[in-house]
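Comments concern the structure below.
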Amino acid sequence: MPKTLVVLTGPTGIGKTSVGIKIAQHFNTEIVSSDSRQIYKELSIGTAVPSKEELRTVLHHFIQSHSITENYNASRYETEALNLLEDLFKKKDIILMVGGSMLYIDAICKGIDIMPDADQEIRASLKKELETNGLESLRLQLKTLDPEYYKSVDLKNPNRIIHALEISIQTGKPYSSFRSNKAKSRPFSIIKIALNCNREILHNRINQRVEKMVEAGLEAEARSVYTQKHLNALNTVGYREWFAHFDGEITREKAIELIKRNSRRYARKQITWVRKDETVKWFSPDQVKEIIEYIEAQIK
RNA sequence: GGUGCCAUAGCUCAGUUGGUAGAGCAACGGACUGAAAAUCCGUGUGUCCCUGGUUCGAUUCCAGGUGGCACCA
């Protein structure tokens, strides 16, 4: 029997969780989450993890499975999720992947080139250098260590330059030598589905969901991880705004307003990413029946 | 009902001594391979309330209308 991974994605707040559960139920299968924040066990309200009822209905993987202290990344996700999929495909022909972390989805569908994890000490020293000497100093280093990547990288983006430098420095080989730019082949076929709706409706949904999160105790949840605010896992919409409030930089109302705005912007960024993928079939969140029909037609 | 003030971008407003306009916020478009809910780049999106008048030319000046606000009745 051929194996198929059905990927369900779309902007935050569109309703992926509930649509995903209906689809998983129909195909009697399990859900592999591709959400870079729902993966953390310390977070639940601000990441909008599925409810206990929802989790009872369909078996979910990679929901609150790791700690914010773990230094997780897309490559680790690729390895772990592929291993899991191999197991799951032994008993199922269709597996549903649900989530909005586009890089994580790409890691599964196309793969990420193999290279070492970034050395945290090197990263820290490069960050320091960025602060004291500025971006130009890092650019010059990159020009020497990896002239090829220097030509194509966004030279205004510190994260990109730092990452290329840290890999080049710790391996002694240019970062670009690790980049194959080739999609890996997978032992399963892939069907990609994305949810979207009218932008104004999406914004209303997002704004209302943030209000509900606040009512559900988002502030207390943020407070509970406040001492670890430096962790990358917490450099996230819904938490960083509270940290700014706790630090006395902004009012509580401003924090909530910014969470709404940043969520809206995040949704737009997600849509931008998915738009360029021509293999994606778009649906509205109320087209569950049509989605199931589409999947069945594709499988045949 | 009378008088005064106001009407410009989605919002708050600036401006044009008459040559069709700009800030903040919001919004929109894009990039993306170990930080990705991250990080970075780009874009004013406009019946200047409506109708007339004056003028080569009106968003700007004048008249009337409409709407809002304030005060007086």
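In what follows, every chain begins at residue 1, and chains take the letters A, B, ... in the order their sequences are listed.
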Kindly label the base of B:G34 as syn or anti, based on whether its glycosidic torsion lies within 90° of 0.
syn
Rounding to an integer number of angstrom, what distance separates [N] and [M] when you compare their [atom1] atoms?
N: B:C5; M: B:C62; atom1: P; answer: 11 Å
N: B:C32; M: B:U45; atom1: P; answer: 27 Å
N: B:A73; M: B:G68; atom1: P; answer: 23 Å
N: B:G24; M: B:U60; atom1: P; answer: 27 Å
N: B:U43; M: B:G53; atom1: C1'; answer: 40 Å

What class does the angle between the rings of A:H245 and A:W242 fall in, given that below 30° is parallel, 30 to 60° is tilted and above 60° is perpendicular?
perpendicular
Aromatic plane relationship, A:F243 with A:Y239 - under 30° parallel, 30 to 60° tilted, over 60° perpendicular
tilted
Please work out if [X] contacts a base, only the sugar-phosphate, or nothing of the nucleic acid, heavy-atom cut-off 4.0 Å.
X: A:D106; result: nothing
X: A:Y40; result: nothing
X: A:K110; result: nothing
X: A:Y72; result: sugar-phosphate
X: A:N262; result: nothing
X: A:T47; result: base
X: A:I108; result: nothing
X: A:N71; result: nothing
X: A:G238; result: nothing
X: A:Y239; result: nothing
X: A:R268; result: base
X: A:S101; result: sugar-phosphate
X: A:R76; result: nothing

Report the distance from atom CD of A:Q270 to atom C1' of B:G29, rounded to the nearest whole Å.
16 Å
Distance in angstrom units between A:M102 CE and B:A35 C1', rounded
18 Å
Short side-chain N/O contact to [N] OP1/OP2 from [X], under 4.0 Å:
X: A:T272; N: B:G30; answer: yes
X: A:R123; N: B:A35; answer: yes
X: A:K156; N: B:U39; answer: no
X: A:R160; N: B:U33; answer: yes
X: A:R264; N: B:C28; answer: no
X: A:K127; N: B:A35; answer: no
X: A:R37; N: B:A36; answer: yes
X: A:N73; N: B:U33; answer: no
X: A:R261; N: B:C25; answer: no
X: A:R265; N: B:C40; answer: no
X: A:H163; N: B:C40; answer: no
X: A:Y104; N: B:A36; answer: yes

How close do [X] and [Y] get, heavy atom to heavy atom, and via which atoms?
X: A:L142; Y: A:A164; result: CD1-CB, 3.7 Å
X: A:I108; Y: A:Y77; result: CG1-CE2, 3.5 Å
X: A:P158; Y: A:L135; result: CA-CD1, 3.8 Å

From the set [options], return the single nucleotide nearest to any side-chain atom of [X].
X: A:D113; options: B:U39, B:U33, B:C32; value: B:U33
X: A:K269; options: B:G29, B:U33, B:U39; value: B:U39
X: A:M115; options: B:G34, B:A38, B:A36; value: B:G34
X: A:R199; options: B:A38, B:A35, B:G29; value: B:G29

NZ or CZ of A:K269 within 45° of A:W273 ring axis and under 6.0 Å:
no
Between A:S44 and A:E221, is there a side-chain donor-acceptor contact under 3.5 Å, judged purely by atom types and distance?
yes
Closer than 4.0 angstrom, basic N to acidic O: yes or no for A:E257 and A:K260?
no
Opposite nucleotide pairing with B:A70, Watson-Crick or G-U, both atom distances under 3.5 Å
B:U3
